[in-house]
Peer 1: 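First the structure, then my questions, so here it is.
Computed from a predicted structure; not experimentally measured.
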Amino acid sequence: MATHGYQYDVVVVGSGPGGYVAAIRASQLGLKTAIVERESLGGVCLNWGCIPTKALIHNAEILEELHNAAEYGFTFDNLKVDFSKAVKRSRDIVSRQTKGVGFLMKKNKIDVIEGHGVFVDAHTLKVTPSEFKPDVQEQTVTAAHFIIATGARARSLPGTQIDGDRIIQYRDAVVLPEVPKKLIVVGSGAIGMEFSYVYSTYGADVTVIEMLDQVLPLEDAEVSAEVQKAFNKKGIKTLVSTRTEKVEVTGEGVTVTVKNLKTDEVQTLTADRVLMAIGVQPNTDKLGLDAAGVRTDSRGFIEIDEVMRTNVRHIYAIGDCTGKLALAHVASAMGIVAAESIAGAPTMPIPAERYIFMPRATYCEPQVASLGYTEAQAKEKGYEIKVGKFPFMPNGKAQALNAKVGFVKIIAEAKYGEILGAHMVGPSVTELLPELSLAQMMEITPAEIARNVHAHPTLSEVIMEAAHAVEGHPIHM
């Protein structure tokens, strides 16, 4: 520990996948470290987002297979489905994971301070009881450096109050006691599409409303079209180019008024519940950032440089509260860079232009995984491109898995072969993405990927075929 007169070298505010990873890395580098958490170790990702939703999604995948059991030679007439047990399984997993984070804090000699942290000045944090931890004692903590990792929370439409009953957000949706008969999902990003898949598979009548002209609006247009087609086949209704005008709670449920932005047609929909999945807002408004002198943008996101430093040189910020890319693995990567920068250790800065190349994953069925520019974005930026695309259908492993939809699409710069984008939809593509992510970072070209021998039979062969397709010679097509 340096002789600076403060209690800690580093205090991390928030213990999500950015915060707790940053704390571990700081401790590994010899810094006396504490972490402040107002609710539960692991943050939203571990407790209310990434982890419990994947457990529910896996349950839904198994149920979907059971619905198609006849294709595998299984028949039965007494299938009983208990959604409450799916929720319980997901909460049990959360409990084990949070205990695991607690173990890592002890192992790395990181002090865990419970309560809500507010800056008194640039080196002092006052920690008070929070709504989740009302019985903790107020205390003051000082540090030479701070890492702000307070994340973000769900936002709603103007004038629409999330009540946790009829109008819900992801924290409510992940622990619903029963499946609603009718569910309207406002927003078709990853959260909206994942919950739509889960609840539809469990029998809900689901309608997805998206204001932009495609579901998964940040994805490549061909990927989004494939997902929308698959969802419609499952019975999930998708209304794109449709704006939600009004949400009203009634005695029987919820009434939603929507307007088609292309035809101006207005219609009224009814449901038992409405899930708001239109994005997030940063948890920065109750941190006392003004007292610390930390600057935010007009939306409340904290401004940072390529090593996560704010305008106050000893205060860093990572993860969703920076507005860079609201993904857990991105927050973790940012946390490592921040800790290493504070310690003066070698690191790999993340300049603003690198966030587009971070891996993105949506775990609905079919899965979606991507990085980099869409085909349209690459053209808009003036790149001369080559595009290779190969479907999963001809792939032997995909057929063995009964996976009938999807493809891999690689976008490369025409002259030198730099990977500008990779877009996948289909079976387990979230597990296939690291090959392309590493290739992009290390400047490996599609021609080199194509010459790398891929084991047979594997789904990864579709990546190899798409790489061959970039060069104009796919083998199995």
Side-chain angles (χ1 to χ4, degrees), residues 38-39 44 48-49 53 131 150-176 180 182-196 199 206-219 224 236-290 295-303 319-327 362:
R38 66 174 184 168
E39 186 176 0
V44 166
W48 304 103
T53 56
E131 59 180 304
T150 50
R153 60 189 184 275
R155 64 184 180 91
S156 186
L157 295 170
T160 300
Q161 180 73 33
I162 294 174
D163 61 16
D165 180 21
R166 293 299 187 181
I167 304 174
I168 63 175
Q169 53 142 311
Y170 60 84
R171 289 178 68 121
D172 309 307
V174 81
V175 290
L176 281 184
K182 293 182 70 176
L183 175 68
I184 293 173
V185 178
V186 182
S188 70
I191 292 172
M193 296 299 274
E194 289 177 4
F195 278 116
S196 295
Y199 281 108
V206 177
T207 300
V208 180
I209 303 169
E210 174 55 56
M211 189 170 70
L212 299 179
D213 60 1
Q214 65 180 54
V215 298
L216 294 171
L218 299 182
E219 299 295 339
S224 295
I236 301 172
K237 295 178 281 295
T238 52
L239 304 179
V240 297
S241 301
T242 300
R243 184 171 62 210
T244 302
E245 301 281 280
K246 186 189 301 183
V247 180
E248 296 177 295
V249 176
T250 67
E252 294 76 34
V254 189
T255 298
V256 180
T257 304
V258 300
K259 179 180 180 180
N260 186 295
L261 298 178
K262 293 184 176 179
T263 66
D264 289 333
E265 178 189 359
V266 176
Q267 61 176 310
T268 300
L269 310 173
T270 60
D272 300 302
R273 285 188 166 97
V274 171
L275 169 62
M276 285 292 169
I278 60 170
V280 297
Q281 55 187 328
N283 292 325
T284 57
D285 51 337
K286 298 179 181 179
L287 289 178
L289 294 182
D290 288 344
R295 187 166 57 232
T296 63
D297 67 13
S298 60
R299 299 173 299 163
F301 291 104
I302 300 173
E303 298 176 353
D320 295 8
C321 68
T322 68
K324 292 297 185 182
L325 190 59
L327 297 171
T362 303

Peer 1: I want to check something: taking the side chain as every heavy atom from C-beta on, are V274 and R166 in contact at a cut-off of under 4.5 Å?
Peer 2: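 No, too far: nothing below the 4.5 Å cut-off.
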Peer 1: What is the minimum heavy-atom distance between R273 and D165, and which atoms define it?
Peer 2: NE-O, 2.7 Å
Peer 1: Considering non-hydrogen atoms only, spot the tightest contact between A277 and I191 and give its length.
Peer 2: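 Heavy atoms of A277 and I191 come nearest at CB-CG2, 4.1 Å.
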Peer 1: Ion pair present between E303 and R295, side-chain N to carboxylate O less than 4.0 angstrom?
Peer 2: yes
Peer 1: State, to 0.1 Å, how close A154 and Y170 come at their nearest heavy-atom pair, and which atoms those are.
Peer 2: CB-CE2, 3.6 Å
Peer 1: Look up atom CZ in R153 and atom CD1 in I162, then write down how far apart they are to the nearest 0.5 Å.
Peer 2: 10.5 Å
Peer 1: May I ask you to decide if I184's main-chain N or O and T207's side chain share a donor-acceptor pair within less than 3.5 Å?
Peer 2: no
Peer 1: Can you check whether L275 reaches V186 side chain to side chain, under 4.5 Å on heavy atoms?
Peer 2: no
Peer 1: Enter the distance from D213:CG to L261:CG here, rounded to the nearest 0.5 Å.
Peer 2: 10.0 Å
Peer 1: Under the 3.5 angstrom rule, does the side chain of D272 hit a backbone N or O of K182 as a donor-acceptor pair?
Peer 2: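 At least one qualifying donor-acceptor pair exists.
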Peer 1: Just one of T270, V249, L269 clears the side-chain contact (heavy atoms from CB on, under 4.5 Å) bar with T255, so which one?
Peer 2: T270
Peer 1: State whether the side chain of Q214 and the backbone N or O of E219 hold a donor-acceptor pair below 3.5 Å, judged by distance alone.
Peer 2: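 It does hold such a pair.
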Peer 1: Rounded at 0.5 Å granularity, tell me how far OH in Y199 sits from CD1 in I236.
Peer 2: 13.5 Å
Peer 1: Contact between E210 and T238 at the side-chain level, heavy atoms closer than 4.5 Å - yes or no?
Peer 2: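 Result no, sub-4.5 Å side-chain heavy-atom pair not found.
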Peer 1: Short question: side chain of N260, backbone of E265 - any donor-acceptor pair under 3.5 Å?
Peer 2: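 Pair absent, no side-chain N/O of N260 close to backbone of E265.
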Peer 1: Looking at every non-hydrogen atom in both residues, tell me the closest pair between C321 and T284 and how far apart they are.
Peer 2: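 Looking at all heavy atoms of both residues, the closest pair is CB-CG2, 3.9 Å.
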Peer 1: Does any N or O in the side chain of E194 come within less than 3.5 Å of the main-chain N or O of S196, such that one atom is a donor and the other an acceptor?
Peer 2: no
Peer 1: Restricting to non-hydrogen atoms, name the atom on S241 and the atom on K262 that form the minimum distance, rounded to 0.1 Å.
Peer 2: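 For S241 versus K262, the nearest heavy atoms are OG-CE, 3.4 Å.
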Peer 1: Test side-chain contact (heavy atoms from CB on, under 4.5 Å) on T268 and V256 and set out the steps.
Peer 2: CA-CA 6 Å; T268 300; V256 180; over 6 Å; no
Peer 1: For a 4.5 angstrom cut-off between non-hydrogen side-chain atoms, does L212 reach V240?
Peer 2: no
Peer 1: Mind checking whether V215 and M193 have side chains closer than 4.5 Å, heavy atoms only?
Peer 2: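 The answer is yes; the side chains approach within 4.5 Å.
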Peer 1: Please tell me if the side chains of L157 and M276 come closer than 4.5 Å, counting only heavy atoms from C-beta onward.
Peer 2: yes
Peer 1: Is a salt bridge present between R171 and E39, judged by a nitrogen-to-oxygen distance below 4.0 Å?
Peer 2: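 Result for this pair is yes, salt bridge flagged.
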Peer 1: Strictly distance-based, threshold 3.5 Å: is any side-chain N or O of E245 a donor or acceptor partner for the main-chain N or O of V258?
Peer 2: no
Peer 1: Just verifying a value: how many Å separate K259 NZ and Q267 CD, rounded to the nearest 0.5 Å?
Peer 2: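 Atom-to-atom, K259:NZ and Q267:CD are 13.0 Å apart.
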Peer 1: Once rounded to the nearest 0.5 Å, what's the spacing between atom CD1 of I209 and atom OG1 of T244?
Peer 2: 4.0 Å
Peer 1: Is the shortest side-chain heavy-atom distance between F195 and T53 below 4.5 Å?
Peer 2: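 Yes; the side chains approach each other to less than 4.5 Å.
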Peer 1: So, for S156 and I278, which heavy atoms are closest and what is the spacing to 0.1 Å?
Peer 2: C-CD1, 3.5 Å
Peer 1: How about I167 and T160: do any of their side-chain heavy atoms sit closer than 4.5 Å?
Peer 2: yes
